[in-house]
Amino acid sequence: SLGRRVHLANFSFSDIRSLGSGERLSENLVGVGPDHRGFTVYFPELHLSRWFLERRNSERLIWSFQKTGTESLIEGYRLLIEHLSIDGILLIDGGVDSLMRGDESGTGTLIEDAISLFAVNELEGMKQRLIACIGFGAERDVNHAQVLENIAGITRENGFLGNCALTPDMESYQLYEEATLFAQAEKLQDASVINSSIISAVRGEYGNFHLTNKTLGSNLWISPLMNQYWFFQAETVAERSLFLPALRGTRTFMDALQAYSQVTRGIPRRPDTRIPLE
């Protein structure tokens, strides 16, 4: 509605290389459409594309990157940029562990976010490279007091661009909720804990509330912080990382994971802290 053409892509958890259909640009990159045929297990990109067709009468390709190391992902991004004439990239992090520097007492499962951040930060000539984080508090293995400390540091370096909330009356939120629940209801799909937590927060749930059976038995903390979007300059976040340079040159996901594990073993950790509000 703003006159901008938007494409959706995902650093996928699915086996992109084995797909026999779609618009393939490389071994590690394919545009998935609603007409995909063949056996698939967890494949939210496919179901999102089918939601666009069935609920919005729109045929949309969801571009899907194979989970690789940084060099392979950079190659994929360059192919996609040329193919679609992209002039800006917004990385969206479900959670906040893309803001981790590597010295926190709890860093979460950040390696996928780190590979994406490294790859996008390496792209030359890109007018806009941004990060949006949503789902603050959904990752229980992240030290959120140190996340706020990191945001303060990003702010000092003019990399924090502001925040806003998703609310139930927003059409964009309503479509997001509908698409999420559509995909999660399909056969063999694994419900997203973070997306489900964000939906719960926007609906006004609080505390140990479980939207899906997947999280029963665990302890959640749904709160109004989860429906807040935080926006940052990707370059600033990347430059503050203590481990990101170690990911350079990695071809496979295991290469990147091993490089991250090796370098972070030598990074002194900050003392464990908590948000001092009580």
Side-chain angles (χ1 to χ4, degrees), residues 1-68 72-95 112-113 115-116 119-120 130-132 134-135 166 170-199 202 211-212 214 229 253:
S1 63
L2 295 175
R4 296 180 174 89
R5 188 176 183 184
V6 177
H7 304 275
L8 299 176
N10 191 40
F11 193 41
S12 184
F13 283 84
S14 304
D15 184 8
I16 299 306
R17 289 175 181 153
S18 67
L19 296 181
S21 65
E23 185 173 340
R24 183 168 294 279
L25 298 187
S26 75
E27 178 187 27
N28 297 318
L29 173 60
V30 64
V32 177
D35 58 349
H36 172 79
R37 295 294 180 268
F39 178 75
T40 56
V41 186
Y42 180 66
F43 202 1
E45 296 90 346
L46 169 61
H47 298 298
L48 179 57
S49 180
R50 288 179 174 170
W51 173 83
F52 271 109
L53 182 61
E54 294 180 22
R55 302 295 177 85
R56 302 292 290 171
N57 195 30
S58 174
E59 290 198 34
R60 297 291 299 271
L61 292 178
I62 310 301
W63 294 95
S64 304
F65 296 104
Q66 179 77 24
K67 190 187 289 187
T68 63
S72 302
L73 186 58
I74 290 169
E75 292 169 5
Y77 265 113
R78 287 173 176 160
L79 285 172
L80 197 58
I81 288 167
E82 182 178 0
H83 183 65
L84 300 175
S85 300
I86 293 171
D87 59 6
I89 294 176
L90 171 62
L91 290 172
I92 300 179
D93 179 8
E112 288 90 355
D113 302 284
I115 293 171
S116 293
V120 169
L130 308 174
I131 295 179
I134 188 168
L166 292 181
M170 291 178 174
E171 182 185 17
S172 55
Y173 167 73
Q174 293 165 6
L175 296 173
Y176 157 70
E177 177 180 309
E178 182 184 319
T180 299
L181 298 182
F182 177 93
Q184 293 186 170
E186 294 299 300
K187 292 181 180 179
L188 304 177
Q189 298 312 290
D190 191 25
S192 164
V193 174
I194 290 183
N195 281 310
S196 299
S197 298
I198 293 167
I199 290 171
V202 177
L211 183 68
T212 71
K214 178 180 178 177
Y229 256 123
F253 181 76

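Model, not experiment: these values are computed from the prediction.
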Practice prompt. Not counting sequence neighbours, list each pair that qualifies as a salt bridge (charged side-chain N to carboxylate O under 4.0 Å, His left out) and has a residue in residues 73-86.
Written response: Glu75-Arg251
Fill in: Sub-4.5 Å side-chain heavy-atom contact between Leu211 and Ile199
yes
Worksheet item: How about Val202 and Tyr176: do any of their side-chain heavy atoms sit closer than 4.5 Å?
Response: no
Discussion item. Let's go through Phe52 and Asn57 carefully: what are the C-alpha distance in whole Å and the side-chain angles of both, what is the deciding distance for side chain to side chain contact (heavy atoms under 4.5 Å, CB included) to 0.1 Å, and is it a yes or a no?
Written reply: CA-CA 6 Å; Phe52 271 109; Asn57 195 30; over 6 Å; no
Discussion item. Apply side chain to side chain contact (heavy atoms under 4.5 Å, CB included) to residues Glu112 and Phe253 and explain how you reach the verdict.
Written reply: CA-CA 9 Å; Glu112 288 90 355; Phe253 181 76; 3.6 Å; yes
Kindly list each side-chain donor-acceptor pair under 3.5 angstrom involving residues 3-11, sequence neighbours excluded, with atom names and distances?
residue, atom, partner, partner atom, Å
Asn10, ND2, Glu45, OE2, 2.9

Worksheet item: Got Ile16 and Lys67 here, is their nearest side-chain heavy-atom distance under 4.5 Å?
Response: no
Response to the item:
The salt bridge (charged side-chain N to carboxylate O under 4.0 Å, His left out) partners of Arg55 (sequence neighbours excluded) come to Glu178
Worksheet item: At their closest point, which heavy atom of Ala191 faces which heavy atom of Thr212, and how far apart are they?
Response: CB-CG2, 4.0 Å
Fill in: All ring-ring contact (aromatic ring centres under 6.0 Å, His included) counterparts of Tyr42, not counting sequence neighbours
none
Discussion item. Working to the nearest 0.5 angstrom, can you tell me the gap between Ser64 OG and Leu19 CG?
Written reply: 7.5 Å
Worksheet item: Does Ile134 have any side chain to side chain contact (heavy atoms under 4.5 Å, CB included) partners at least two apart in sequence or in another chain, and if so, which?
Response: Leu166, Ile198, Tyr229
Discussion item. By the salt bridge (charged side-chain N to carboxylate O under 4.0 Å, His left out) test, which pairs, at least two apart or in different chains, include something from residues 182-197?
Written reply: Asp190-Lys214
Discussion item. So, taking the atom named CE in Met170 and the one named CG in Leu175, what distance separates them when rounded to the nearest 0.5 Å?
Written reply: 12.5 Å
Worksheet item: Hey, does Ser192 have a side-chain heavy atom less than 4.5 Å from the side chain of Gln184?
Response: yes
Worksheet item: What closest approach, in Å, do Asn28 and Ser72 show between heavy atoms, and which atom pair accounts for it?
Response: ND2-CB, 4.1 Å
Practice prompt. Mind checking the CZ-OG spacing from Phe43 to Ser14? Nearest 0.5 Å is all I need.
Written response: 5.5 Å
Practice prompt. Under the side chain to side chain contact (heavy atoms under 4.5 Å, CB included) rule, collect the residues that match up with Ser21, sequence neighbours excluded.
Written response: His36
Discussion item. With heavy-atom distances below 4.5 Å as the criterion, would you say the side chains of Leu29 and Tyr77 are in contact?
Written reply: no
Practice prompt. Could you grab the distance from atom CH2 of Trp51 to atom OG1 of Thr180, nearest 0.5 Å is fine?
Written response: 9.0 Å
Response to the item:
One should read off an interatomic distance between Ile131 CD1 and Leu91 CG, to the nearest 0.5 angstrom, of 5.5 Å
Worksheet item: Have Asp15 and Ser18 got a donor and an acceptor in their side chains that come within less than 3.5 Å?
Response: yes
Response to the item:
Applying side chain to side chain contact (heavy atoms under 4.5 Å, CB included) to Leu61 and not counting sequence neighbours gives Glu23, Trp63
Worksheet entry | Partner residues of Glu59 under the side chain to side chain donor-acceptor pair (under 3.5 Å) criterion, sequence neighbours left out | none
Worksheet item: Distance from Leu79 atom CG to Leu25 atom CG, nearest 0.5 Å?
Response: 6.0 Å
Fill in: Whether Arg50 side chain and Leu53 backbone form a donor-acceptor pair below 3.5 Å
no
Fill in: All side chain to side chain donor-acceptor pair (under 3.5 Å) counterparts of Ser58, not counting sequence neighbours
none
Practice prompt. Step by step, work out the side chain to side chain contact (heavy atoms under 4.5 Å, CB included) result for Val32 and His47.
Written response: CA-CA 10 Å; Val32 177; His47 298 298; over 6 Å; no
Item to complete: Taking all non-hydrogen atoms of both residues into account, name the closest pair between Leu48 and Ala179 and its distance.
Response: CD1-CB, 3.9 Å
Fill in: Closest approach of Ile194 to Gly94 (non-hydrogen atoms, all atoms of both residues)
CD1-O, 2.7 Å
Fill in: Partner set under salt bridge (charged side-chain N to carboxylate O under 4.0 Å, His left out) for Asp35, not counting sequence neighbours
none
Fill in: Gln189 side chain vs Val41 backbone, donor-acceptor pair below 3.5 Å
yes
Item to complete: Sort out for me which residue in Val120, Leu80, Leu130 forms a side chain to side chain contact (heavy atoms under 4.5 Å, CB included) with Ile89.
Response: Val120
Fill in: Counterpart residues, side chain to side chain donor-acceptor pair (under 3.5 Å), relative to Asp87 (two or more places apart)
none
